[in-house]
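If you read the sequence from its start, that first residue is 1, and numbering goes on from there. Worth saying up front: this structure is predicted, and the values here are computed from it rather than measured. Heavy atoms only: backbone and side chains are in, while hydrogens, waters and symmetry mates are out.
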Amino acid sequence: TRDSTFDGTNSGATVSQTGKLGSAWSFDGTNDSVDLGSASKWVGKEDLSFSLWLNLDSATNDWTVPFQIGDAENPRIALTMDYYNSGGLMYYKMSEGSGNNYAQGSASAPAKGSWTHIVGVMDGSTSDIQLYVDGSSVSTTVTGTPTGTPSNLAGNGYLGNSMYGSTSYWTNGLMDQLVFYDTALTPSDVTALYNSGSGDSTPDTTGMIAHYDFEQTGSTLENQVFSSAPYTTNISGSLDEFFINSDTLSASEISGIAS
């Protein structure tokens, strides 16, 4: 069964756009977003990694927030990018508390105007955050001591903006193949996801908690993570003359068995 608890509700994003792999959704930088539902689902995870193909409009000239979990500046989980200041950075934030009580990893903001693969890895066991761009690790400065996802997240999660304050830092561009894991991805995992620049539409499901492929054309962004269907291990009753035959039985043979 598909885990629909991580489904998102589209609010304005344009579907069925040419993506990195199949279709992408386009965000207009003004008021398009996807509501991912309650942020409480993301609480209590020691590790959290994401993988995203992003194609930002070359005209982007402000702060941009492709995704944020939580509806405040602190606490939140977020990917933010600074295209407002010269030499701006991107940040993978694990903010807990208020003010400057936060942890984050920062690295140079990626180029605009073309598809870029971005991965962020938060390893709570080692209090580390590492960012990758196009399959390679990039110099990442870690501030604070990340030990897991914030314990006091409130509100909902969103794609396309930050959803707090008067300026929500809307995303102007295309998104495709966004995946979240509750594990710390390894460099070899990142290499597989980047796949020599071709991407991977069927990524490894180990530790996967959400996978958005943006192939949907309606108002719901469907999580592509499936859990095993319930099954019965005990059958009550009796069984007689059970056999397996490797050949195809004829109608007369089947009739003989039935009689």
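The two residues Leu174 and Trp115 make their nearest non-hydrogen contact at CB-CH2, 3.6 Å. Across Ala39 and Leu153, no two heavy atoms sit closer than the pair O-CD1, 3.8 Å. Residues Glu215 and Ser23 come closest through the heavy atom pair OE2-N, 2.8 Å. Scanning both residues, Leu193 and Pro203, for their nearest heavy atoms gives CD2-CB, 3.5 Å. Closest heavy-atom contact between Trp170 and Thr64: O-OG1, 4.2 Å. What you find for Leu36 and Gly8 is that their closest heavy atoms are CD2-CA, 4.0 Å.
Side chain of Asn195 to main chain of Ser198: no donor-acceptor pair is present (N/O by atom type, distance under 3.5 Å, no hydrogens or angles). Judged purely by atom type and a 3.5 angstrom limit, Asn172 has no side-chain atom pairing as donor or acceptor with the backbone of Asp57. Checked by atom type and distance alone, the side chain of Thr149 pairs as donor or acceptor with a backbone atom of Gly44 at under 3.5 Å. Remark: the backbone N or O of Leu48 is not paired with any side-chain donor or acceptor of Asp182 at under 3.5 angstrom. Looking only at distances, no side-chain donor or acceptor of Tyr181 sits under 3.5 Å from a matching main-chain atom of Asp47.
Using a 4.5 Å heavy-atom cutoff, the side chains of Leu159 and Ser33 are not in contact. Contact annotation: the side chain of Leu185 never approaches that of Tyr132 to less than 4.5 Å [non-hydrogen atoms, C-beta and beyond]. Counting heavy atoms from C-beta outward, Thr80 and Lys93 have side chains that approach closer than 4.5 Å. Using a 4.5 Å heavy-atom cutoff, the side chains of Thr60 and Tyr83 are in contact. Between Val34 and Trp25 there is a side-chain heavy-atom pair separated by less than 4.5 Å. Contact check for Ile209 versus Lys45: side-chain heavy atoms found under the 4.5 Å cut-off. Using a 4.5 Å heavy-atom cutoff, the side chains of Leu131 and Val119 are not in contact. By the 4.5 Å heavy-atom criterion applied to side chains, Gln130 and Asp123 are not counted as neighbours.
A donor-acceptor contact closer than 3.5 angstrom links the side chains of Ser38 and Ser40. Of the N and O atoms on the side chains of Glu222 and Ser4, not one donor lies less than 3.5 Å from an acceptor on the other residue. Asp189 and Thr186 are linked by a side-chain donor-acceptor pair at a separation below 3.5 angstrom, with hydrogens and angles left out of the test. Judged purely by distance below 3.5 Å, without hydrogens or angles, the side chains of Asp213 and Gln216 pair a donor atom with an acceptor atom.
For Phe214 and Trp53, the distance between ring centers is not under 6.0 angstrom. Residues Trp42 and Phe180 bring their aromatic ring centres within 6.0 Å. A distance below 6.0 Å separates the ring centres of Phe67 and Phe50.
If you take OG on Ser125 and CD on Glu46, they are separated by 5.0 Å, rounding to the nearest 0.5 Å. Leu54 CG to Lys112 NZ: the interatomic distance, rounded to the nearest 0.5 Å, is 12.0 Å. Taken to the nearest 0.5 Å, the NZ atom of Lys20 stands 10.0 Å off from the NE2 atom of His117. One finds the OH atom of Tyr212 at 10.0 Å from the CD atom of Gln224 (value rounded to the nearest 0.5 Å). Here the CG-OG1 distance, from Asp128 to Thr140, works out to 8.0 Å after rounding to the nearest 0.5 Å. Residue Asp35 holds its CG atom at 11.5 Å from CG of Asp7, rounded to the nearest 0.5 Å.
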**Message:** If you apply the rule side-chain contact (heavy atoms from CB on, under 4.5 Å), what do you find for Asn10 with Val15, and how did you get there?
**Reply:** CA-CA 9 Å; Asn10 186 13; Val15 303; 3.9 Å; yes

**Request:** Begin with the C-alpha distance, continue with both residues' side-chain angles, and end with the deciding distance and a verdict on side-chain contact (heavy atoms from CB on, under 4.5 Å) for Val179 and Met208.
**Result:** CA-CA 7 Å; Val179 190; Met208 182 187 291; 3.8 Å; yes

**Request:** Evaluate the criterion side-chain contact (heavy atoms from CB on, under 4.5 Å) for residue pair Val121 and Tyr92; output intermediate values, then yes/no.
**Result:** CA-CA 8 Å; Val121 178; Tyr92 185 25; 5.8 Å; no

**Request:** Please assess Ser227 against Thr1 for the test side chain to side chain donor-acceptor pair (under 3.5 Å), listing each intermediate value before the final yes or no.
**Result:** CA-CA 5 Å; Ser227 58; Thr1 54; 3.1 Å; yes

**Request:** Show your working on side-chain contact (heavy atoms from CB on, under 4.5 Å) between Thr171 and Leu56 and close with a plain yes or no.
**Result:** CA-CA 8 Å; Thr171 298; Leu56 289 175; 3.8 Å; yes

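Note: the hydrophobic cluster containing Leu178 does not contain Leu21 (ILVMFWY, side chain heavy atoms under 4.5 Å, direct or indirect links). Using a 4.5 Å cut-off between side-chain heavy atoms of Ile, Leu, Val, Met, Phe, Trp and Tyr, with links allowed through other members, Met94 and Val43 fall into the same hydrophobic cluster. At a threshold of 4.5 Å between side-chain heavy atoms, the hydrophobic network of Ile, Leu, Val, Met, Phe, Trp and Tyr places Val65 and Tyr84 in one connected group. Cluster annotation: Met81 and Val138 are assigned to the same hydrophobic cluster (Ile/Leu/Val/Met/Phe/Trp/Tyr, side-chain heavy-atom contacts under 4.5 Å, transitive). One hydrophobic cluster, built from ILVMFWY side chains closer than 4.5 Å, cannot hold both Tyr169 and Ile118; they sit in different ones.
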